[in-house]
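Okay, structure first, notes after.
Only this structure's heavy atoms are used, side chains among them; waters, hydrogens and symmetry mates stay out. Residue numbering restarts at 1 for every chain, and letters A, B, ... go by the order of the sequence lines.
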2 protein chains.
Amino acid sequence: MKTQPPAPGRPLDHPSRDQIRLEDVLHALADPLRLKIVHKLAVDCGGHACSDFDLPVSKSTTTHHFRVLRESGVIAQEYQGTSKVSELRREDLDALFPGLLDSVLAACGRRFAAADG
Amino acid sequence: MKTQPPAPGRPLDHPSRDQIRLEDVLHALADPLRLKIVHKLAVDCGGHACSDFDLPVSKSTTTHHFRVLRESGVIAQEYQGTSKVSELRREDLDALFPGLLDSVLAACGRRFAAADG
DNA sequence: AGCATACTACGATGATTGGCGAACTACGAA
DNA sequence: TTCGTAGTTCGCCAATCATCGTAGTATGCT
C-alpha cells in the first residue's frame, strides 16, 4: 500500500520562515557539533548527506543533532534515495536575522580553519 | 584600612577576551530572559543594577541568569555599593564576533519593540 | 527475494538547566 | 548597632539535553 507523496521519501516538517525563532536558532548553534555541521554546510555548499560528516558520535546522536538543526529552521532536509540531504537555510536566516549567520560562520571558520574539510 | 582597588566590593571573575567562546555566547543568548537583559543593556546603555530589570522570576533565578551572561563573557559586572552594575561587553564581543551582537540585538529589538522600556 | 546502506524510533541514562524558597552576606542609612 | 536593600549560596525539583545501543523502516542493488 503506497501513498506516493510529492517529495521523494517520507515528508519532513520544517518551520516556515515566520515560525523560526531567534532563541531556537541560537540554541541550535550553541553546540560544537552542530556548529561543525553548519560550518561544513556553509563552506562546502550544496547538499550533504548526514553520513558526509565525520562526527565523533553515534548514528542516533547524529540524527538528533540534525533534527535540532532542522526543527530550529537552520537547515532544510530532504530524502534522496536512502540518504537525507541537508542544506543551510541561508536565505531565510539572512532575511530574518541579517548578519547573524555570517558572523557565526566567520567566527567558527577561524576555529575550524584547517581542522576539517 | 582601605586598599582602594580599581573596583569596589568583592571581585567577580570574568573571562578574558580570548577566553570567550562562541558556543558559550550563543548559549547565553539562547534564552528569552537573558535576551531581554542583553537587549535592555544595549538600548538603554550604561550600567544597570540587576534590580533595574523587571524579570518575572525570583531573585535567585535572576542571579543565575546574570551569572550565565557574565561567565560566558556577554556582560561585565561590578559591585557598586549594595548593587551590582552590569554592562554589555560590546567591544570584546564586536572584536571577537563582528556583527554577531548587532544582528542579535536587531532581531530581538523587533520583538521587544514596545514591550519594555 | 535477499541483502546492504542510511537513517529513525524508542527507551534509558547521566548531565545540565531553569526554576523555587530559605537562609546568608555585604553595604549603606538611621 | 540595628535595619533594610541587593544580591548570593544552597539544596531541591522538574524539564530538557546529549548520548548510547538496539531494533526497525525505507531505499537501492544484485
Rounded to whole angstroms, how far apart are [atom1] on [X] and [atom2] on [N]?
{"X": "A:His27", "N": "D:dT16", "atom1": "NE2", "atom2": "P", "answer": "11 Å"}
{"X": "B:Leu12", "N": "C:dT25", "atom1": "CG", "atom2": "P", "answer": "18 Å"}
{"X": "B:Ile37", "N": "D:dG7", "atom1": "CD1", "atom2": "C1'", "answer": "14 Å"}
{"X": "B:His64", "N": "D:dA14", "atom1": "NE2", "atom2": "P", "answer": "18 Å"}
{"X": "B:Leu33", "N": "C:dT17", "atom1": "CG", "atom2": "P", "answer": "16 Å"}
{"X": "A:Asp24", "N": "D:dT16", "atom1": "CG", "atom2": "P", "answer": "13 Å"}
{"X": "A:His48", "N": "C:dA6", "atom1": "NE2", "atom2": "C1'", "answer": "17 Å"}
{"X": "A:Glu78", "N": "C:dA6", "atom1": "CD", "atom2": "P", "answer": "18 Å"}

Scan [X] against the nucleic acid and name what it touches under 4.0 Å (heavy atoms): base, sugar-phosphate only, or nothing.
{"X": "A:Ser83", "answer": "sugar-phosphate"}
{"X": "B:Ser51", "answer": "sugar-phosphate"}
{"X": "A:Thr63", "answer": "base"}

Next on the checklist: To the closest 0.5 Å, what do you measure between CG (B:Leu69) and CG (B:Leu41)?
Outcome noted: 8.0 Å
I want to verify a distance call: between [options], whose nearest atom is closest to the [X] side chain?
{"X": "B:Arg34", "options": "C:dC7, C:dG18, C:dC20", "result": "C:dG18"}
{"X": "B:Arg67", "options": "C:dA6, D:dT9, D:dC20", "result": "D:dT9"}
{"X": "B:Ser58", "options": "C:dG21, C:dA9, D:dC17", "result": "C:dG21"}
{"X": "B:Asp31", "options": "C:dC7, C:dG18, D:dA18", "result": "C:dG18"}
{"X": "B:Ala49", "options": "C:dC7, D:dG28, D:dG7", "result": "D:dG7"}
{"X": "A:His65", "options": "D:dG28, C:dC20, D:dA18", "result": "D:dA18"}

Item to check | Residue closer to the 5' end of DNA chain D, A:Lys59 versus A:Pro56 (nearest nucleotide) | outcome: A:Pro56
Checklist entry - Would you call A:Arg111-B:Glu23 a salt bridge at under 4.0 Å N-O? => result yes
Item to check | Note: A:Arg90-A:Asp102 ion pair, threshold 4.0 Å (strictly below) | outcome: yes
Checklist entry - Any donor-acceptor pair under 3.5 Å between the side chain of B:Ser60 and the base of C:dG21? => result yes
Next on the checklist: Is it the case that the base of D:dG7 and the side chain of B:Lys84 share a donor-acceptor contact (distance under 3.5 Å, atom types as modelled)?
Outcome noted: no
Checklist entry - Is it the case that A:Ser60 and A:Thr63 place a side-chain donor and acceptor less than 3.5 Å from each other? => result no
Item to check | Under 4.0 angstrom between B:Tyr79 side-chain N/O and D:dT8 OP1 or OP2 | outcome: yes
Checklist entry - If you group Ile, Leu, Val, Met, Phe, Trp and Tyr by side-chain heavy-atom gaps below 4.5 Å, do B:Ile75 and B:Val57 land in one group? => result yes
Checklist entry - Are the side chains of B:Asp31 and A:Leu26 in touch, meaning some heavy atoms are under 4.5 Å apart? => result no
